[in-house]
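The shown structure was predicted, so the numbers you read here are calculated from the model rather than taken from an experiment. Count residues from 1 along the sequence.
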Amino acid sequence: MTTNSDHGQPSPSSARPLALLTGVGRTIGIGAGIARQLAASGWDIAFTYWTPYDKRMAWGIESGATEAITDALAECGAATLAVEADLADPETPARVFDEVERGLGNVTALVMCHCESVDSGLLNTTVESFDRHFAVNARATWLLVREYGRRFAATPGSGRIISLTSDHTVGNLPYGASKGALDRITLAAAHEFADLGVTANVINPGPVDTGWMTDEGREYILGRTPLNRLGTPQDAAHLVDFLCSPQGQWVNGQLLMSNGGFA
């Protein structure tokens, strides 16, 4: 795990709460969109990324992505910290929180956008792939939430936990199954962290075009979406921004569909 913090960044300010986002590896990703929106709304931002994951996926590594995301957040006045983190390692969540607290302070909002996502079905999923999906999507989520709860020191009522999920199952067994586990882990925090005044919600953003869709896939999705357009990272970012605001405090323990009516 390494840290990338550009010189000349604004110093963390008590006037700006701190959000920790996981899975912010590409400039066109949902995580990056959420990070930019929260920075514009007055949050400092720490984020994690994991280059080896992008390297083995079809889109590959986006050169300079971490620096570009950091610069965009800084333009919004946010103090930033980027941490490369292998969330398949059970020791990583605690190390991430250690590094973020040293660099920027205590975390008020935890927004989990990380995932392991490799298409495979009931017959061709390997045990190795199944275990990796659950390690990243479920176990790491639990460990991140646990660290957040143990360390939470913000004003009661200000804390937020948000996870991004998916209801994909057919042909995507380990991803869908592990995301189902992520849902339950996150929603448990709405009740178990009640004494902290923390809200916890899950967002299903539906199909979002972040570079992985084929032309055939886009056509299929458009045909099943009443608004006749694809989801964007900004769609998810607006909802996260609301949930993290004081106005979003009464939304708690929910799995929210924000998918334009896709069915």
Side-chain angles (χ1 to χ4, degrees), residues 21-26 28-31 33-34 50 53-54 56-59 87-88 90 110-145 161-190 200-233 235-237 239-240 243 251 253-263:
L21 285 79
T22 60
V24 185
R26 298 187 298 145
I28 63 172
I30 295 176
I34 294 172
W50 183 233
Y53 174 69
D54 290 325
R56 60 185 171 84
M57 300 305 288
W59 51 77
L87 291 173
L110 172 64
V111 183
M112 292 172 285
C113 311
H114 67 274
C115 76
E116 171 77 13
S117 178
V118 179
D119 292 347
S120 62
L122 291 166
L123 299 181
N124 63 340
T125 294
T126 65
V127 170
E128 177 188 15
S129 178
F130 188 90
D131 288 348
R132 187 187 306 115
H133 278 79
F134 271 83
V136 174
N137 297 342
R139 186 179 68 195
T141 296
W142 160 51
L143 293 173
L144 286 161
V145 168
I161 299 173
I162 300 170
S163 295
L164 295 188
T165 193
S166 171
D167 55 8
H168 201 187
T169 53
V170 179
N172 215 348
L173 166 70
Y175 178 67
S178 57
K179 282 288 190 174
L182 170 148
D183 298 350
R184 301 305 185 268
I185 292 165
T186 303
L187 296 177
N201 294 287
V202 181
I203 296 172
N204 184 338
V208 177
D209 190 6
T210 57
W212 58 270
M213 293 183 185
T214 63
D215 290 341
E216 181 181 6
R218 290 186 187 92
E219 183 177 353
Y220 173 80
I221 292 165
L222 288 172
R224 300 187 64 179
T225 305
L227 295 175
N228 196 38
R229 72 167 176 85
L230 301 173
T232 70
D235 292 323
L239 181 52
V240 172
L243 292 174
V251 182
Q254 302 301 309
L255 198 169
L256 304 167
M257 306 297 288
S258 178
N259 61 8
F262 173 77

Quiz item: If you measure from CG on L222 to CG on L230, what distance do you get to the nearest 0.5 Å?
Solution: 4.5 Å
Self-check item: Closest contact, heavy atoms only, T210 versus G29
Solution: CG2-CA, 4.1 Å
Quiz item: Rounded to the nearest 0.5 Å, how far apart are CG of L182 and CZ of F134?
Solution: 10.5 Å
Practice problem: List the atom of T22, the atom of M112, and the distance in Å for their closest heavy-atom pair. | Solution: OG1-CA, 3.1 Å
Self-check item: Taking every non-hydrogen atom, the tightest pair across I30 and A236
Solution: CG2-CB, 3.9 Å
Quiz item: Which pair of heavy atoms, one from P205 and one from V208, lies closest together, and at what distance?
Solution: O-CG2, 3.7 Å
Quiz item: With S178, which of N137, D131, T141, T165 fulfils side chain to side chain donor-acceptor pair (under 3.5 Å)?
Solution: N137
Quiz item: Between V251 and L256, is a side chain to side chain contact (heavy atoms under 4.5 Å, CB included) present by the stated rule, with each step listed?
Solution: CA-CA 10 Å; V251 182; L256 304 167; 4.1 Å; yes
Practice problem: Side-chain contact test, heavy atoms from C-beta onward, threshold under 4.5 Å: evaluate it for K179 versus N172 and give yes or no. | Solution: no
Quiz item: Minimum heavy-atom separation for C115 to Y53, with atom names?
Solution: O-CZ, 3.7 Å
Quiz prompt | Non-hydrogen side-chain atoms of W50 and L87 separated by less than 4.5 Å | solution = no
Quiz item: Donor-acceptor pair, H133 side chain versus V118 backbone, under 3.5 Å?
Solution: yes
Quiz item: Looking only at heavy atoms, what is the nearest atom pair of R139 and P90, with distance?
Solution: NH2-CD, 3.5 Å
